[in-house]
Amino acid sequence: MPELPEVETVRRGLLPVLEGARLSDVHLGRPNLRYPFPENFAERLNGATVLRLERRAKYLLFHLDTQDIWVTHLGMTGRFQITGAETRPLDASYYHAVTTQDRHRHVRLLSHTANGPVHIDYYDPRRFGFMLLLRPDELYARNWWRELGAEPLSDALTPDYLHQVFSPRRQPLKTLLMDQRLIAGLGNIYVCEALHLSGLSPDRPGTALTPADSRRLTHAIKQVLEAAVKAGGSSISDFSGTSGELGYFQHSFRVYGREHQPCLTAGCPGTIARKIHSGRSTFFCPLCQS
DNA sequence: CGATTAACCTGGAAGC
DNA sequence: TGCTTCCAGGTTAATC
């Protein structure tokens, strides 16, 4: 589900019910997601107040007044849902939950906002997501954190930066753009879209990227991400915002999921094709992307 | 070191 | 109405 625009949409949705709010009644429906929950996860969240909600790449960081940072990665199907305080509790009936949705509600807690308490639930059917509780120094010590590449919508991503990190590498642009250590936050959808927008072939090796290409690609990345954030992300299959609202950027896809359909580049008579790069589908136009 | 594949999971859609 | 196969927004370990 979630690439940078979807994660940013989730952050913005949680802002009004988490910023400045005190947490309580934390319940876990199971001992792990992708990884086991941190030791004493519920105890360390209970009573804490959320000071600030940050997003870095596809990670959500909730800074607590206890000095802990509650880090969440949504994986492929992770979703936060805000509901009123009257809904069904998470309890021992979890494994016999009646509905499919209940079976995938893995975390439930109460957030005490200025306007009263609300439930915040975390759902994740495939459980590729994970949650961590780290002190700042512990976070900075993690390799996956230190090695994160440029934040695409910040000044860290420039044509020069892109050229500098791509041009020594022989891998195809598709693979380079998916590498979170070079640029952090893009996933399969927005990589395909940015490549098409910039007219570059996903197969072009990094070594063949000219400074002019880097400019076009940088511009395309920022353009597609900004438009997607503005649209509330892309809702394909099961992504929705924290109130169940759907993003609508999926209606703006120019290549993703459009195999066999006509290329939308003005004047291009091409047909969108699909091929596999490192196990992931790439959608592209063989005619106008070179 | 670079590059591809499998694995982690579940559910939905498509094919037979 | 089944049953099987393929596919999915991500990351990482294993393997060539």
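Note that the structure is a prediction, hence the values are computed from the model and not measured. Protein chains get the first letters and strands the later ones, always in sequence-line order, with residue 1 at the start of each.
To the nearest angstrom, C1' of C/dG10 lies 12 Å from NZ of A/K174. The interatomic distance linking A/R105 (CZ) with B/dT10 (C1') rounds to 18 Å, in whole Å. C/dA8 atom P lies 11 Å from atom CE of A/M178, rounded to whole Å. Between the CZ atom of A/F283 and the C1' atom of C/dG9 there is a distance of 12 Å, rounded to whole Å. Rounded to an integer number of Å, the gap from A/W144 CH2 to C/dA13 C1' is 18 Å. For the pair A/I276 CD1 and C/dC6 P, the computed distance is 12 Å after rounding to whole Å. The separation between A/R79 atom CZ and C/dG10 atom P is 18 Å, rounded to whole Å. In this structure, the CG atom of A/D124 is 13 Å from the C1' atom of B/dG11, given to the nearest Å.
Across all strands shown, A/Y256 has heavy atoms under 4.0 Å from sugar-phosphate atoms exclusively, and none from any base. Residue A/R274 is in sugar-phosphate contact alone, with no base atom involved, counting any heavy-atom pair closer than 4.0 Å across all strands shown. Within the nucleic acid shown, A/G187 comes within 4.0 Å of sugar-phosphate atoms alone, with no base atom in reach, counting heavy atoms only. A/Y35 comes within 4.0 angstrom of the backbone, heavy atoms only, and of no base.
Here the separation of B/dC9 from C/dA13, taken at their P atoms, is 14 Å to the nearest Å. Nucleotides B/dA3 and C/dG9 are separated by 23 Å at their C1' atoms, to the nearest Å. Rounded to the nearest Å, the gap between the P atom of C/dC3 and that of B/dC8 is 25 Å.
Pairing for B/dG12 goes to C/dC6, judged as Watson-Crick or G-U wobble with the two contacts each under 3.5 Å.
For A/S281, a side-chain nitrogen or oxygen approaches OP1 or OP2 of C/dA8 to under 4.0 Å. For the OP1/OP2 pair of C/dT11 and a distance below 4.0 Å, the side-chain nitrogens and oxygens of A/R280 include no atom meeting the criterion. Within the 4.0 Å cut-off from OP1 or OP2 of C/dT11, at least one side-chain nitrogen or oxygen of A/Q180 is found. Put simply, A/H277 has no side-chain N or O that comes within less than 4.0 Å of OP1 or OP2 on B/dT4. Of the side-chain N and O atoms in A/H73, one or more sit less than 4.0 angstrom from OP1 or OP2 of C/dT11. Between A/K58 and C/dG10 there is a side-chain polar atom (N or O) within less than 4.0 angstrom of OP1 or OP2.
Per the stacking criterion (ring centres < 5.5 Å, plane angle < 30°), A/F128 does not stack onto the base of C/dT11.
Checked against B/dA3, C/dG9, B/dG11, the side chain of A/H104 finds its nearest nucleotide in B/dG11. Among B/dT5, B/dG11, C/dA8, the nucleotide with an atom closest to any side-chain atom of A/S278 is B/dT5. Checked against B/dA3, B/dC9, C/dT11, the side chain of A/R34 finds its nearest nucleotide in C/dT11. Counting only heavy atoms from C-beta on, A/R127 has its side chain closest to B/dC9 among C/dG9, B/dC9, C/dT11.
No side-chain donor from either of A/T9 and A/R12 sits under 3.5 Å from a side-chain acceptor of the other. In this model, no donor atom of one side chain and acceptor atom of the other lie less than 3.5 Å apart for A/T77 and A/R126. For A/T218 and A/H163, the side-chain atoms include no donor-acceptor pair closer than 3.5 Å.
For the pair A/R204 and A/D213, the salt-bridge criterion is met [side-chain N within less than 4.0 Å of a carboxylate O].
Summarising the local packing, CG of A/D137 is surrounded by more than 12 heavy atoms from other residues, nucleotides or ligands at distances under 6.0 Å.
No N or O donor and acceptor, one from the side chain of A/R170 and one from the base of B/dA3, sit under 3.5 Å apart.
Ring planes of A/W144 and A/Y59: parallel class, angle under 30° (limits at 30 and 60°).
Residue-to-nucleotide proximity on DNA chain B shows that, of A/R169 and A/R126, the 5′-proximal contact is made by A/R169.
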(Q) Let's go through A/T49 and A/H112 carefully: what are the C-alpha distance in whole Å and the side-chain angles of both, what is the deciding distance for side-chain hydrogen bond (donor to acceptor under 3.5 Å, both in side chains) to 0.1 Å, and is it a yes or a no? (A) CA-CA 9 Å; A/T49 295; A/H112 299 270; over 6 Å; no
